[in-house]
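Some notes on the structure that comes next.
Note that the numbering runs from 1 along the sequence shown for the chain. All ligand and atom numbering here is 1-based and tracks the order in the structure. A quick note: this is a predicted structure, and the numbers were derived from the prediction, not measured.
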Amino acid sequence: MSFSDVTVRYPGRGAARPAVVDVDLQVAPGQFVCVVGPSGCGKSTILHVCSGLLKVSGGDFHYLGKKWQGRHTGIGYVTQRDTLLPWKTVVGNIALPLKLAGVAREERRQLAADMATKVGLGHFLDRRPRELSGGMRQRVQLARVLVTNPTLLLMDEPFGALDAVLRVRMQEFLRATIAEAGLTTIFVTHDLTEALTLGDQVVAMSGSPGRIGRIDTLDDLPRGVSAVELRQVPTYSVHEQQLWATIAGHGDSPEPL
Ligand code: ADP
């Protein structure tokens with residue numbers, strides 16, 4: 001996936017007020033990219049472009065070697081909002097995209113039950129969303145996306161509504177799941193620690209219109225370890241300080257570390 005000098009304007013906002021400008025970004029297959037920045041700097045806008053929902057107004061966006069050409073397929077989109085159907089069970093919710101794709105009833109129920117088990121909900125197949133905790137509901141949402149075998153996972157503040165402990169558990173779970181599936185992931189968050197813990201690369205945005213101020217590749221940090229362990233690594237605080245300076249509006253040039 002690549003953004004080259006991309007500008008995005010929302011229809012009706014007027015030509016003078018783009019949402020994002022000068023976006024240059026390359027994402028390789030299998031990479032886990034976290035996008036951080038304050039509210040309104042254009043993080044979700046970047047995800048909308050990745051999903052094919054929003055066309056760029058200037059510059060080029062390429063996905064799988066092609067210029068944007070309408071809706072992309074093979075994309076899983078997870079948001080902070082709980083979008084489970086309250087009257088359906090765990091299996092029924094996870095099976096929904098398979099139903100819409102025309103998969104036969106028995107096959108889709110089996111695939112959904114297998115995926116529910118994979119995300120640790122094997123004992124809750126017939127529960128309804130109201131009978132599940134926040135973390136369990138978020139796992140169902142993730143399972144509902146993974147069951148479609150996406151090649152690209154887009155996540156917009158997926159753990160924003162969870163408490164601190166659950167959030168860390170879900171981060172660990174997500175990282176392991178994504179590593180196993182080999183998925184390319186773009187993960188939007190305004191939590192810098194979350195970004196440094198999860199990402200292979202962190203893209204820091206700021207301003208209005210939003211722009212990328214800094215891209216850090218985290219080759220010098222161990223992957224798959226907790227935030228507490230990461231903080232012991234000296235280069236962690238270097239990344240943290242420089243990315244923070246960028247999102248808080250005092251960044252230097254967008255040089256990779
Ligand atoms: P973030 O995800 O970083 O909070 P957004 O991408 O949602 O930021 O928004 C970036 C800018 O685009 C903001 O100024 C916001 O008001 C504007 N914007 C977002 N969605 C729309 C829309 N559908 N129509 C018009 N303006 C929008």
Report, in ascending order of atom number, the atoms of ligand 1 lying under 4.0 Å from any heavy atom of [X].
{"X": "Pro38", "value": "3 (O)"}
{"X": "Ala19", "value": "11 (C), 12 (O)"}
{"X": "Thr45", "value": "5 (P), 6 (O), 9 (O), 10 (C)"}
{"X": "Lys43", "value": "1 (P), 2 (O), 3 (O), 4 (O), 6 (O), 8 (O)"}

Query raised in the report: Does ligand 1 have any atom that is closer than 4.0 Å to a heavy atom of Ser39?
Result: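 Flag set, Ser39 near ligand 1.
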Requested in this report: Tell me, please: is Pro209 in heavy-atom contact with ligand 1, that is, under 4.0 Å?
Outcome: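 Heavy atoms of Pro209 never come under 4.0 Å of ligand 1.
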Requested in this report: With atom 2 (O) of ligand 1 as the reference point, say which of Gly42, Ser44, Pro11 has the nearest heavy atom.
Outcome: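 Among Gly42, Ser44, Pro11, the closest heavy atom to atom 2 (O) of ligand 1 comes from Ser44.
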Query raised in the report: Excluding sequence neighbours, so at least two apart, what forms salt bridge (charged side-chain N to carboxylate O under 4.0 Å, His left out) with Glu157?
Result: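 By the salt bridge (charged side-chain N to carboxylate O under 4.0 Å, His left out) rule, Glu157 matches no residue at all.
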Query raised in the report: Taking only residues two or more places apart in sequence, or in another chain, which ones meet Asp22 in a salt bridge (charged side-chain N to carboxylate O under 4.0 Å, His left out)?
Result: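 So Asp22 forms a salt bridge (charged side-chain N to carboxylate O under 4.0 Å, His left out) with Arg211.
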Query raised in the report: Judging by distance only, is a nitrogen or oxygen of Arg17 under 3.5 angstrom from one on ligand 1?
Result: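 Min N/O separation from ligand 1 is not below 3.5 Å for Arg17.
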Query raised in the report: Mind checking whether Gly40 has an N or O less than 3.5 Å away from an N or O of ligand 1?
Result: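 Min N/O separation from ligand 1 is below 3.5 Å for Gly40.
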Requested in this report: Return the orientation label for the Phe159 and Phe187 ring planes: parallel under 30°, perpendicular over 60°, tilted otherwise.
Outcome: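 The rings of Phe159 and Phe187 sit tilted, inter-plane angle from 30° to 60°.
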**Report entry** Residue pair Pro222 / Leu230, side-chain heavy-atom distance below 4.5 Å
**Finding:**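 When only atoms from C-beta onward are counted, Leu230 and Pro222 do touch, with a gap below 4.5 Å.
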Requested in this report: For the pair Thr89 (side chain) and Asp126 (backbone), establish whether a donor and an acceptor sit closer than 3.5 Å, ignoring hydrogens and angles.
Outcome: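 No: the side chain of Thr89 does not pair with the backbone of Asp126.
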Query raised in the report: Are Met170 and Met115 grouped together when hydrophobic residues (ILVMFWY) are joined by side-chain heavy atoms under 4.5 angstrom apart?
Result: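 Yes, because Met170 and Met115 connect within a single hydrophobic cluster, where side-chain heavy atoms sit under 4.5 Å apart.
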Query raised in the report: If two hydrophobic side chains count as joined below 4.5 Å and joins carry through other members, does Leu98 share a cluster with Val91?
Result: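 As far as the 4.5 Å side-chain criterion goes, Val91 and Leu98 are not connected within one cluster.
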